[in-house]
Amino acid sequence: MNFLIGYLDAERNNGHEDPMLNEFTYGESSNNATNLLKVSKGEYLFFHKTIHEKRYITAYYYVEKVMLVNVAQQDSLIQNKFNNPHLKKNDSLLTNNECIAFGNPIFSRKLDVPLEITPELLSKLSKPANLNPNQPPLAAISSALRTWKQLDSTDIAFLLDKINKHDKKGRLTNNILSSNEVFQVLERDIEKLIASVPTILNNNYTLEGSQIVFSDESRLDLLLKDTINNEYIVVEIKKGQIDRQALNQIKHYIKQCKKELGYSIVKGILIGSSISKNYENEIFNAKKDGITTRTFGWKFAIN
């Protein structure tokens with residue numbers, strides 16, 4: 001059986017962190033333990049919670065195994081490797097069916113960009129949720145998903161496809177982010193935005209490649225091509241300030257592009273929130289090497 005399961009952050013749940021997404025475990029001791037014990041290897045658990053007045057899927061487990069906690073506690077390897085609070089309980093405090101699910105670490109995933117649960121998304125599941133039209137959207141969705149929602153194979157395929165497509169778009173596809181969402185923006189989100197719309201930097205730019213790994217295992221964020229001037233542009237993204245380390249990185253990537261990719265003309269763009277005052281002159285002088293800087297900011301709006 002596959003399920004869509006709601007949860008609370010530890011700070012809203014008396015410090016109880018479960019699911020533990022960093023290790024792909026989830027324990028259950030209440031009435032839902034019976035449901036969890038019905039989950040078999042290869043089935044899915046999707047987890048959702050409230051973030052900034054909306055409901056989001058934040059992770060999914062491709063289940064490797066579900067065990068009774070008292071059995072799992074007898075395995076020293078499990079006890080030493082995992083920190084789920086159910087595994088640390090005194091045996092006398094365990095309920096009869098208290099159990100724990102282990103997600104396969106290869107196929108399970110904590111989402112970089114959580115997927116919003118909307119009425120439209122719920123309507124496309126095999127058993128659409130019954131939303132109360134008299135409630136605000138968040139309250140209606142939360143009420144409809146208060147109990148575990150069973151999913152079938154078509155639901156799994158649908159959700160995985162939505163997650164993959166949403167992840168490729170990144171967090172910055174929305175016109176307006178909430179104040180809290182701004183702080184969750186990752187370098188990867190900025191990278192995805194530029195990769196999908198390279199003309200945001202220059203109308204002549206097209207995407208040549210992303211996450212390019214060189215022989216020394218260094219990894220380039222983005223490589224663009226200036227189609228008019230027939231030049232290649234190395235793009236290095238920093239969520240924080242642009243400093244000497246970032247400058248040295250991009251110089252290294254330019255060198256590697258010439259050496260390993262055989263490009264004769266390679267320039268660079270450093271993107272960050274600002275330029276570190278300690279290295280302003282050094283970064284400004286890098287223009288003679290074809291390295292320029294761009295900074296990003298956030299647009300204020302009132303909804």
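For reference, positions follow the sequence shown, starting with 1. Computed from heavy atoms alone, side chains included, the values below leave out hydrogens, waters and symmetry copies. Quantities reported herein were computed from a predicted structural model and do not represent experimental measurements.
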Test item: Lys49 and Asp9 side chains (from C-beta on) under 4.5 Å apart, heavy atoms
yes
Correct closest heavy-atom pair for Leu151 and Leu4 would be CD1-N, 4.0 Å
Tell me, do Val63 and Lys41 make a side-chain contact under 4.5 Å, heavy atoms counted?
no
Compare every heavy atom of Leu223 with every heavy atom of Cys257, then report the nearest pair and how far apart it is.
SG-CD1, 4.2 Å
Taking the six-membered ring for Trp and the single ring otherwise, decide whether the centroids of Phe3 and Tyr44 are under 6.0 Å apart.
no
Which atom names give the shortest non-hydrogen contact between Tyr253 and Arg219, and what distance separates them?
OH-O, 2.9 Å
Which heavy atom of Tyr62 sits nearest to which heavy atom of Ser108, and what is that distance?
N-OG, 3.0 Å
Lys/Arg-Asp/Glu bridge criterion (N-O < 4.0 Å) met for Asp221, Lys238:
no
For a 4.5 angstrom cut-off between non-hydrogen side-chain atoms, does Asp243 reach Ile283?
no
Side chains of Thr206 and Leu224 in contact at under 4.5 Å (non-hydrogen atoms):
no
Flag the pair Pro114 / Ile57 as yes when at least one side-chain heavy-atom distance between them is below 4.5 Å, and no otherwise.
no
Tell me whether the rings of Tyr60 and Phe46 are parallel (<30°), tilted (30 to 60°) or perpendicular (>60°).
tilted
Same cluster or not: Leu94 versus Val71, using hydrophobic residues (I, L, V, M, F, W, Y) connected whenever any side-chain heavy atoms lie under 4.5 Å apart?
yes
